Amino acid sequence: MMTWTRRVEEMTKHAQMKATDALIWSIEVKKMLDDNGVVTPSTEVAELLVNDICWGNNVPIAWKYLEKALVVRIVSPLFVLALLSESVIPRRRSQPAAYRLYLELLKRYVVPLASEVNGPKYRKIMESIDDVLHLSQRFSIVSKEPGLLLVEFVFAIVWQLLDASLDDEGLLDLVPEKKSTWSIKPQDMEIDDHNFGEKKMDRSDRLYKTNTTLAIEIIGELYRNKVTSRILYLARLNMPVQWGSFIYNLRLLAANSISLRNSKEITPEALLQLTSDSRVLPSGECKIMSMQQFHASFASQSLASSATSRHGVSHSAVWLPIDLFLEDTMEGAVVATTSAAETLAGLLKAHQALTQASWQDAFLGLWMAALRLVQREGNAVEGPVPSIDACLCLLICITTLAIVAIVDEEESALIEGGCMEMRSETIVLGNCRKSLVSSLQQLGDFEDLLIPPPSAASLANQAAAKAMMFLSGVGVGSGYPDGASLNDIPVTCSGDLRHLIVEACIARHLLDTSAYLWPGYVKGHTNQVSRAITGQVPGWSSLMKGSPLTPQMVHALVSTPASSLAEIEKLYGMATDGSDSDKISVATILCGASLTRGWNIQEHIGFFIIKMLSPPIPIDYAGSESHLLACAPLLNVLLVGISSIDCVQIISLHGLVPLLAGVLMPICEVFGSCSPAVSWTLPTGEHLYPLAVFSNAFTLLLKLWRFDQPPAEQGMGNAAPVTSQLTPEFLLLARNSQLTSRGNSLKDQKKRKSSFIQCDLSSAGPLFLDSFPKLKLWYRQHQACIASTLFDLKPGTPIYQNFDALLNIMFRKMNRGGEPLTSSTSGSSNSSVSIAEDCAFRLKVPAWDILEAVPFVVDAALTACANGRLSPRELTTGLKDLTDLLPVSLAIIVSYLSAETTRGLWKPASMNGTDWPSPATNLSMVEQNINKILAATGVDVPSLSAGGTTSASLPLPLAALVSLTITYKVDKVTEPLLNLVGPTVTTIGAGCPWPSMSIIAALWTQKAKRWTDHLVFTASRTVFHHSNDAVVQLLKVCFQSTLGLNSPIGGIGNLLGHGFGSHCTGGIAAVAPGILYLRVHRSIRDVMFMTEEIVSLLLQSVKDIVSTGIPIENLKRPKSGTIVRYGEVSLSLAMTRIKLAASLGASLVWITGGLNLIQTLIKETLPCWFISVHRSDLNKVDSGGMIGMLKGYALAHFTVLSGAFAWGVDSVSSSSKKRPVILEAHLGFMARALDGKTSLGCNRATWRAYVSGFVSLMVSCTPKWVHEVDVEILRSLSRGLRKWDEEELALALLRIGGVSSMGAAAEFIVESSV
């Protein structure tokens, strides 16, 4: 029986012999195929027909049959063209007529049709094309998804025509590869026809030449065609290597082709214009959507522009998120486990991408935000909070490191992106580096912001002097002229903060000394600088020349910061190889000015200190005890040196907390287990004991996590704030992760200098809490004490004996003549030895054993006081004696008393001045100042004096805690302990009934009058802890202040103010609402409530913006083009303020709850909001199309910006790994709603604007997000957008999705062409 393919052959031969009309032949063949159940178009028929023509039956009627087969869709046009291109193009010289026919078919049928893409054999046809042209292999793309093959096919066809044209004109040898990717080289004729006449040869040659011109013209036509040009644009986006070769060949053709110059259809210039990179979108996409025009009004303005400031918003407000982040990092009660520079770099990249600002404006905005912070903190109140040193660290060190990361990332991409000639040692200068230079030059115009604080004035002057001396020819090396006194520097050579910033940038290799030549940078005359400046004071230059560490030298180096890594490495080498005395001197120097003000190398100093806290085991060490014991004097100097709040804050800013915790835990484990009888003699003749080293180390360790927080505080659900993760286990996991990333990062290894590798910590192994059994035992007991009341001790156990001895030490005077606190104390009183001697003997136990008994001791003492067996004064004195024995026990006492206060089981203590201290003296002052501080918020402050001051009371554990803490002197010795327990006292006081915290503040102001403003401010914050309504009101004022809704002009100054304190205002005044919120948000338990309120206030702000000075009738949609008409200015201004409101809202959510809260917002909160019915939408005025649309755009910007803050706009941060799951869930929700599978309750205009705005922002600002989304979700979302006639946006979404969505984008293009 004859097969159907054989029948097609026979029918074709028979028809050709009879010269049957091609249409009749095609109808008969189609009927036969249908009768045999063959689904058309058929690849088998196509192969049969093309193989018949090439080259045994290359006659006109065969070509007519093939063309009719294409018309009636017996065969696939794309597959036929693929077959012909492989057969005809290589023989275009010997078969010019066939090549001409191929080109004519190409013109007609190369544009894919929707019917073919949606046909049943689409996949098979595209796979067959791949088999013929080997597309997957040639383009190095593994996937054989049909849409992707379609892009490759169109690209291949155009590239074949291009290379064939180059070869025809003898230009192919000029390409770098000297050959084509495709089979286009002419092949020898199979039959050498000697009968060709000269006339026929001329005609053939003319046809050959005209074919070349036609092929080039077809390339131009394919670029003009809407479908094929868009498909080629997909290839340009996703095949950069192949596209680069293609464009090189095209430019070669345009520059040298005679056929192109002779063409009447296209010119070389026109061809280059059609294919140029500047022509980002094909011609069909020049029409801008209304949605995109609204988005255009979101574009940020230059910081030099003051247009917005004339309409209620200052021009600097666009960088509000950076100001808020920097201000929030100054909260000293919480430490971070990641580098602030890393977070700041991600924040700046995200904000720059969303605002579409230039990098010059972005860097200028960053510098100005950091300068504003320094100016605010220069007027800050005095108290146990980070000072100006931490602010200057943020400005000069952290900000510079963030910019280094951005510049390095760009320039590394330039080198790795194909610039092979740049892979040498030549420095590659990217756009970011050039923008940095411009921003720093422009920064000089803001002189008011550049005034240095008094503590940095001398260093600023030295930086300015260094520039002047450089220009005068006096060499000063890499540092400052430390040998010259300030008297040697000209009076006119006064420096400012820009000089310090520029020096930091030079030290980080962002700039070179050509910066000294900037106009106005050096304000003095260079001839004023003596060429013979000599210094009599030893300094860093003397150290580098080999001077020994004499006491005078040490004193000079402690007070003067190092300015180069070489100086610190020299110092560290002396610590490694020097005597014990030298090691202590080096430790003292490192913890001095170099740590607090050595901004150019600050993170390296932190590493060196951490390394010195973990000394290696000596090669010849054979002792049974830890080698750390022999290093006790050195370790203690380091521990004391970095214990200040500023030092801890600086270490936290550099992300070194996990590494520091990793070296503190072994010290605590060893010295806490050491017998207290051991001691070391210091050079001063004093003795150092293990308890002192342990107390210093453990106090510092406890500062690194919220040790005092009860489990309820850490159980915040999915939206837990980041601070709740700070536990010993988490710190060790973070430490292990940091060391692994440092060890595996080739980039970091290349950046390290060989001499710095000796201080590298990546060789250290992982640590876990099980590595420290004593610490783990204490931590588990500590958690149990916080979670529940204590269990009863059994007499005779070691912990009971320590408990008994501690009680006798604390209350020995009472025990001699009074009632014992416990039954056990009577037994010890029968001993033949005195109580004091007995206690001294029995307490020769390690520190861990003492800490284990402390909670039980405090519980017994508090119970005795509650039962009247112990007076409050005796209780306080006893607790103070305990902390004198082991200072760090104060932290354990505070933690226990805090937990007991939270449980609420104790009776209140009357603060009447008889039994307990009275706050009456200062309570009235505290009340007045609280009202002044909160005056601008509109919050009602409860009266403190209701019922009289004599009724002031505190829960008994809190009264004991406050009474104990106020016995401490406020000095450098007690500062570490007070800094440790201060946040706990504040937290527990805020959680107690009003006015507990005010009573605490009144008591403490009697003790530390210079802290009065800080204490009153702390008390004022508790108003918001007791009332959610007060928090909402505070948030409302934050929005109003920022947007200028309650003042002539809004912005950062209104939100964050310009400093606080009675010393700078002539009396205590209202605190800016943003400062209040940043100091309050960490203690707000219900962060989900906060998020919902921020969303609500954002939408209310949109309505307020529209109704404030902008008549609704004037809000018109922007017209196409660049002309701004009446009403469009109002809309542009409204959108600018709406963007600012969204930026504020996103910043507040990010700062309040971090990554987890934003993920909950995007995954749960917003979808629920869109599904719900809102009362405002039922109001016709509120739900108008324009207002509803503006609300949607506000929500879109708010959501994308929130995600950008949390995840970043790229994949650099670790948090970006969580982005795909949340993003797919949110986009999936959008797609289901667009498809009608999810019912919505919100205003339709709001929903449409939200979806359009969100997708538009994602496409234009965060394209890497789209790469991570499943292509099926993108397809579904694009289909929904097409229903709204948003085809351009739908295509942009698919197009930006990378190779994975390229096929879907191509199919969308074809389907949209119908």
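In this text, all values refer to a predicted model and were calculated from it rather than measured experimentally.
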Is the side chain of S87 donor-acceptor paired with the backbone N or O of L84 at a distance under 3.5 Å, no angle test?
no
Point to revise | Sidechain N-carboxylate O distance under 4.0 Å for E1311, R1282 | key: yes
Item to complete: Could you walk me through whether R92 and D168 pass salt bridge (Lys or Arg N to Asp or Glu O under 4.0 Å), step by step?
Response: CA-CA 9 Å; R92 65 189 181 282; D168 291 343; 2.8 Å; yes
request  = Assess whether salt bridge (Lys or Arg N to Asp or Glu O under 4.0 Å) is satisfied between R93 and D205, documenting all intermediate values.
outcome  = CA-CA 8 Å; R93 186 163 296 173; D205 188 58; over 6 Å; no
Taking only Lys NZ, Arg NE, NH1 and NH2, and the carboxylate oxygens of Asp or Glu, determine whether E145 and R1275 approach each other closer than 4.0 Å.
yes
task: Evaluate the criterion side chain to side chain donor-acceptor pair (under 3.5 Å) for residue pair E169 and N256; output intermediate values, then yes/no.
output: CA-CA 9 Å; E169 301 202 57; N256 300 281; over 6 Å; no
Pair Q16-N57, side-chain donor/acceptor within less than 3.5 Å:
yes
Assess whether a salt bridge exists between R433 and E411, defined as any Lys/Arg side-chain N lying under 4.0 Å from an Asp/Glu carboxylate O. yes
Quiz item: For the residue pair F139 and W159, does the interplanar ring angle fall in the parallel (under 30°), tilted (30 to 60°) or perpendicular (over 60°) class?
Solution: tilted
task: Report yes or no: do E410 and N431 form a side-chain donor-acceptor pair below 3.5 Å?
output: no
*Any sub-3.5 Å donor-acceptor pair from Q356's side-chain atoms to A353's backbone N or O?*
yes
Is the centre of the Y208 ring less than 6.0 Å from the centre of the Y99 ring? no
Under 3.5 Å, is there a donor-acceptor pair between the side chain of R7 and the main chain of W4? no
Donor-acceptor side-chain pairing of N238 and W243 below 3.5 angstrom:
no
- Message: Check K68 with D21, please: is the shortest side-chain N to carboxylate O separation under 4.0 Å?
- Response: no
Separation between NZ (K64) and CG (L23), nearest 0.5 Å, reads 12.5 Å
Sorted by chain and number, sequence neighbours left out, salt bridge (charged side-chain N to carboxylate O under 4.0 Å, His left out) with E221 holds for none
Any Lys/Arg nitrogen of E67 or R108 sitting under 4.0 Å from an Asp/Glu carboxylate oxygen of the other?
-> yes
* To do: Please answer whether the main-chain N or O of I74 pairs with a side-chain N or O of T40 as donor and acceptor at a distance below 3.5 Å.
  => no
May I ask you to decide if S136's main-chain N or O and S140's side chain share a donor-acceptor pair within less than 3.5 Å? no
Q.
Looking only at side-chain N and O atoms, does T210 offer a donor or acceptor that is under 3.5 Å from a partner on R100?
A. yes
| query | Are E116 and R73 ion-paired here, with the side-chain N under 4.0 Å from a carboxylate O? | reply | no
Is there a donor-acceptor contact under 3.5 Å from the side chain of D130 to the main chain of L135? yes
A quick test of your reading: do over 12 heavy atoms of other residues, nucleotides or ligands sit less than 6.0 Å from CD of Q137?
no
Hey, is the main chain of L1294 close enough, under 3.5 Å, to the side chain of S1301 for a donor-acceptor pair? yes
- Item | Donor-acceptor under 3.5 Å (N262 side chain, I258 main chain) | yes
**Prompt:** Donor-acceptor pair, N225 side chain versus V227 backbone, under 3.5 Å?
**Reply:** yes
Verify whether one side chain among T5 and E44 offers a donor that lies under 3.5 Å from an acceptor in the other. no
Discussion item. Using modelled atom types and a 3.5 Å cut-off, is there a donor and acceptor pairing between side-chain atoms of T228 and backbone atoms of L222?
Written reply: yes
Q. Has K209 got more than 12 heavy atoms of other residues, nucleotides or ligands less than 6.0 Å from its NZ?
A. no
Is R6 salt-bridged to E9, going by a charged N under 4.0 Å from an acidic O? yes
